[in-house]
Amino acid sequence: VLHQPREGEPLRKTAQVALVALDGSRLAETALAPAVEVLSALSSPREGTLHLVRVVAPPVEIHAPASSEQRTPLLEREDALLREAEDYLLGLTERLQAEGLGGHHPAITWSLHISEDISTILVRAGEQADQEGHEVLFLALVTHGRSTRERLSAGGSIAVGVLEHISLPLLIVCVRGDRDGARPSA
């Protein structure tokens, strides 16, 4: 159904975006294919935008009181972590564009954040994209295939932390099996 805005009615946001939470692992990348399928279905006839979100935890020691001599190597480690994460996102973007995404061709963007609170950063990434005029359709992320009861009782799950605070729809891809033989199910 096509909808023409009436006079005075707010215009539709500029781009339809799906956020995908990544941690740099192949396991987390299993969320990409289901996310692209859902994005393509929801943003049709346009392709939409796939926004990759990578949150890097800072080195633990960086928060400990230290002299400036001790902090310099820690800041260098943090810079190295950020460079590694940026290289990962650039490489993944190139690979996805070269290999394609199951016949779909969404635009691919990414953002890189550093924080201990991964869940909060993922929630804020959705809010920020919305404030920038994008229509954020959902956030996709992977869980490790434990039962719902195990995940909820674990307490430290990023998925649970996001679920408790996000107002966006959430596409949770549950991976069963080991890392090499991972099979996604949504």
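In this text, all values refer to a predicted model and were calculated from it rather than measured experimentally.
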key: Contact summary for Ala35 and Ala140, nearest pair of heavy atoms   = CB-CB, 3.9 Å
query = After noting the C-alpha distance and the side-chain angles of Ile108 and Leu92, does the key distance pass the side-chain contact (heavy atoms from CB on, under 4.5 Å) rule?
reply = CA-CA 10 Å; Ile108 301 173; Leu92 179 60; over 6 Å; no
task = Mind listing the closest non-hydrogen atom pair of Leu141 and Leu170 along with its distance?
result = CD2-CD1, 4.3 Å
ask   = Are any of the side-chain heavy atoms of Leu82 and Glu86 separated by less than 4.5 Å?
value = no
query = Would you call Trp110 and Leu22 a side-chain contact if the rule is heavy atoms closer than 4.5 Å?
reply = no
ask   = Considering only heavy atoms from C-beta outward, does the side chain of Leu81 approach that of Ile114 to under 4.5 Å?
value = no
ask   = Hey, are the side chains of Glu47 and Ser40 touching, using non-hydrogen atoms and a 4.5 Å cut-off?
value = yes
key: Residue pair Val36, Leu96: steps toward the side-chain contact (heavy atoms from CB on, under 4.5 Å) verdict   = CA-CA 11 Å; Val36 168; Leu96 292 173; over 6 Å; no
query = Any chance CD of Glu84 has more than 12 other-residue heavy atoms, nucleotides or ligands included, within less than 6.0 Å?
reply = no
task = Can you measure from CD1 (Ile158) to CD1 (Ile121) and round to the nearest 0.5 angstrom?
result = 11.5 Å
query = Is a side-chain donor-acceptor pair under 3.5 Å present for Asp23 with Ser25?
reply = yes
query = Taking all atoms of both residues into account, what is the closest heavy-atom pair of Val136 and Ala129, and its distance?
reply = CG2-CB, 3.5 Å
note = The reported gap from CG in Leu112 to CG in Asp87 (rounded to nearest 0.5 angstrom) is 10.5 Å
remark   = When Leu168, Ile166, Val38, Val17 are each screened for side chain to side chain contact (heavy atoms under 4.5 Å, CB included) with Phe138, the one that passes is Val38
remark   = dist Leu50:CG -> His104:NE2 (nearest 0.5 Å) comes out at 11.5 Å
Test side-chain contact (heavy atoms from CB on, under 4.5 Å) applied to Leu19 and Leu122, step by step = CA-CA 9 Å; Leu19 305 176; Leu122 293 174; over 6 Å; no
inquiry  = Do Ser115 and Thr120 make a side-chain contact, defined as non-hydrogen atoms from C-beta onward lying under 4.5 Å apart?
reply    = no
key: Expected output: side-chain Thr30 to main-chain Leu27 donor-acceptor under 3.5 Å   = yes
ask   = Which heavy-atom pair separates Leu139 from Ala21 by the least distance, and what is that distance?
value = CD1-N, 4.1 Å
key: CZ on Arg83 to CD on Glu78, rounded to 0.5 Å   = 11.0 Å
message = Salt bridge check, Glu29 against Arg26: does any charged N sit closer than 4.0 Å to a carboxylate O?
response = yes
request  = List the atom of Leu89, the atom of Ser111, and the distance in Å for their closest heavy-atom pair.
outcome  = CD1-O, 3.8 Å
ask   = If every non-hydrogen atom of Gly161 is compared with every non-hydrogen atom of Ser119, which pair is closest and at what distance?
value = CA-OG, 3.6 Å
ask   = Between OG1 of Thr109 and NE2 of His134, what distance do you get to the nearest 0.5 Å?
value = 7.5 Å
